[in-house]
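Quick note on labels: first sequence line is chain A, next is B, and so on, each numbered from 1.
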Amino acid sequence: MSIAQQPMPRTGSRRRVMSRKARRTAWFYAFITPWLLGFVFLWIVPLTLGFLTSLTNYDGLNLPDLKFVGLNNYARAFTDEDALWSFGQTLKWTALNLPAWMVLSFILALILNQGVKGLGFFRTAYYLPSVVPTVALVWIWKIILDRNAGLLNAVISVFSPGTAIAWLTSYALQGLTVIAVWSGLGWGMVVFLAGLQGIPDELLEAARIDGASTLQIFRYVTIPLMTPVIFFVLVNGLIGSFQQFVVPQLLASIGGGAAAGFTQVPPRPVYLSMNHVNRQIFNFQRFGYGTAMLWLLFIVVAALTVVVFKTSRFWVYTEAKEK
Amino acid sequence: MTTRLTRREMLKLSGALAAGSVLASCGPAPTPEVVKETVEVPVEKTVVVQATEAPAPTEAPPLSGPIEGHVVVMHFLHEFTEDHVNVFQGETPGITVEVIQADLTRFFAMYAAGSPPDLLRVQAPSIPQYLARKMLYDLTPFFEVSEMLRLDDLAPANNYYKAYSPLRIGEGPIYGMCKDFSPDCTIFVYKPVFEDGGVSVPDDTKAMTYDEVFQAAQTLAKFEGDRTLVFGYDYEKGWVDRFMMNMLAETGGTIFSEDLTQLVIKDNEAALAVAKWYYDLGAAKLNDNIINPSPAGWFGTDFTQGIVGMAQYGFWYGAMAESDVTAGKVIMLPGPTWTGVRRDPTVTATGMIMAAATQVPEAAWKVFEFYNAGQPAVERAGSGWGVPALKSMWDQMPNSSDYEQQKLRVLQGELALETPPLQFNPFLGETTVADSWNTQMDRAFQGEITFEEALANVESEVNAAIKDGVDRLL
């Protein structure tokens, strides 16, 4: 038998099969590596460092003499009056902002879903505040709501001269809500509108044929089918509300000056948890305490999110449930 | 034989790598050599910081040979410009300069990573804290051999950068210098507000007392119903603690205990009176604050719009005090006095220091010299945005218009007040006291708490911060 006629060694063929598998494996890792690296170095490492920081007396400059303080920073948060106040205000702000924002966004989406003329224009117009830089946005509202030179007080002063209501300080929580709802309306509206446009026409048609009124269609068809979207918006809004920082901080520039900026403290009604954390870290150089509070906030937000998820089976409609 | 990794093993390995990197990151960053100090904590609550000496003197620098290196400067980019960098690099081959925007967060991160900027823009109140942490490079040997920067040419405000220890600012080795400075308590007057209020414009050859300032502010402030049309007087809220210290220093007082381990206002009659003065001013809505916000967001802008009678800012503000509205109607007054004993009203003294951890001290010094005595310094001197840090440049300040000449006349009087600098607290960040004060007074202004409660809260907050600082540093 000539060499040419000899069968190929079985090992060679196995190697080809294995290398194909190896190639597939290599591709698998090649595809997930960027995400994995990002996850490890941009999430796991910073989070771990953040947690370790929360167990120390780190002040930004004392790395060589760092002291381990155990859970003292966490315990401190429960006796710190300002931490408790800011947390209370954060809850109030969330309770005020979240329903207002969701309801108004939903109403706006419902209106725009009625096939109005110039839908594209209105959609763009309502979404516009969402793309305005936050600093500009706060200043727009300051021009309107300022105590001494604001347009609103000027208008009221026509009827009641000398009116000077401190909308952004005495009514800062309401003022913040107005600003945040207005600026967030576009995003909420777009998401709700996408959900509304995803509701099959045949379902609405069938309900109409069955004699359902507009209100009944809304109550028994639209709302149930929108619950997954409402759930998504609710979770995002909840997390976003607890993370609110920039707008109150910008409101702090009222009465600011050359030394203003992120070292200033927002008006008391909108002194939220994130602002307290910022103040503790940058004004008091308590990085350890600040990060401990961030972890506590994370736990609260995670717990609330879990509650929303757990209760979702009672109110979020899914087709899977029907099967 | 080849070994094939399973996915599980791969993930384990990734985890191990991540853990390794975390642990590596937690290791101590390279830090400058530290000179041990003797510190005693003899009794509870009374911390005695004994002989906190300055870092060991640096040896005479070898500045004669060719110097090379890359120097990182953390500064405001509009103050240390790209043009400055190009000029310097053109004149000084071998040294490259990178200017990064001054940013406290970034500074902390760079310091934590063991690579702080070689040169850093700072304000005087931060010097004691940085010194206590051994973060500053002793520049005395450089100054002693420099042909551009002579110690005897430095204006007195530079004494903020001299120290025998963090607790003895004002004399000793020098760790930096002002880029320029201002007697910070001078008052800019918008004359039409005085005329409208029926008040004669104050004499610019005589310092007002703070009581007179208060009375004038009361007369000048103009309201329509609840609305404020004109603010009588205003000041930089972020520096309120510095102003208080300066007022009390007239008679040797301060807002701190002698060993700087306590903020004492409530039980310090003199400090309480100063604190009350500031509270009363705000409560009466004579200046901008939480219950009487500035329409422009900053009283400096309000002044240029003609709605502030008196704005207390340093000489630098003179460069912008005249707008289309206020041009030709502004004068500068000497800083007011609390007790009648005047003192140097410089409380900011913004300048530059060199990090003790720098790997390129000679190259950094060359940049330091250039910025503080070269072209940038000359430009600053001629701009009017501050008093040059070098006395030899004082004649370069603008003096062509009546307004500029008037400012210079008043300035001469302020510069003649050569008094020791304020001793800022090494256990506190530079914004801590003002932050606490403004936060608590806001609450008092809004009627949430009383002035006395606000004051108690300020003391409690600041003393907790001092205790943290003492624990960290000692």
**Side-chain heavy-atom pair B/F427, B/V470 within 4.5 angstrom cut-off** =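 In short, these two side chains touch, coming nearer than 4.5 Å.
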
Fit a plane to each ring of [X] and [Y], take the angle between them on a 0 to 90° scale, and name the class: parallel (under 30°), tilted (30 to 60°) or perpendicular (over 60°).
X: B/F76; Y: B/H78; value: parallel
X: A/F298; Y: A/W295; value: perpendicular
X: A/F287; Y: A/F282; value: perpendicular

**Asked** Top residue by heavy-atom pair count (under 4.5 Å) with chain B, among A/L61, A/L37, A/I165?
**Response** A/L61

**Prompt:** Do you know which of A/N62, A/N57, A/D59, A/N153 has the most heavy-atom pairs with chain B at a distance under 4.5 angstrom?
**Reply:** A/D59

Select one option (side chain, backbone, both, neither) describing which atoms of [X] are under 4.5 Å from chain A's heavy atoms.
X: B/N438; value: neither
X: B/N292; value: both
X: B/I291; value: backbone
X: B/F223; value: neither
X: B/Y317; value: neither
X: B/A296; value: backbone
X: B/T301; value: neither

**Request:** Scan side-chain atoms only and decide if B/Q123 and B/R242 contain a donor-acceptor pair under the 3.5 Å cut-off.
**Result:** yes

**Prompt:** Any side-chain donor paired with an acceptor under 3.5 Å for A/S160 and A/T163?
**Reply:** yes

**Asked** If you measure from CG on A/L294 to CD1 on A/I299, what distance do you get to the nearest 0.5 Å?
**Response**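 Separation between the atoms: 11.0 Å.
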
**Prompt:** Hey, does the side chain of B/D184 reach the backbone of B/G314 with a donor-acceptor pair shorter than 3.5 angstrom?
**Reply:** no

**Prompt:** In terms of heavy-atom proximity below 4.5 Å to chain B, should A/D82 be classed as side chain, backbone, both, or neither?
**Reply:**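 The side chain, not the backbone.
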
**Message:** Which atoms of A/Y58 are under 4.5 Å from chain B, going by heavy atoms: the side chain, the backbone, both sets, or neither?
**Reply:** side chain

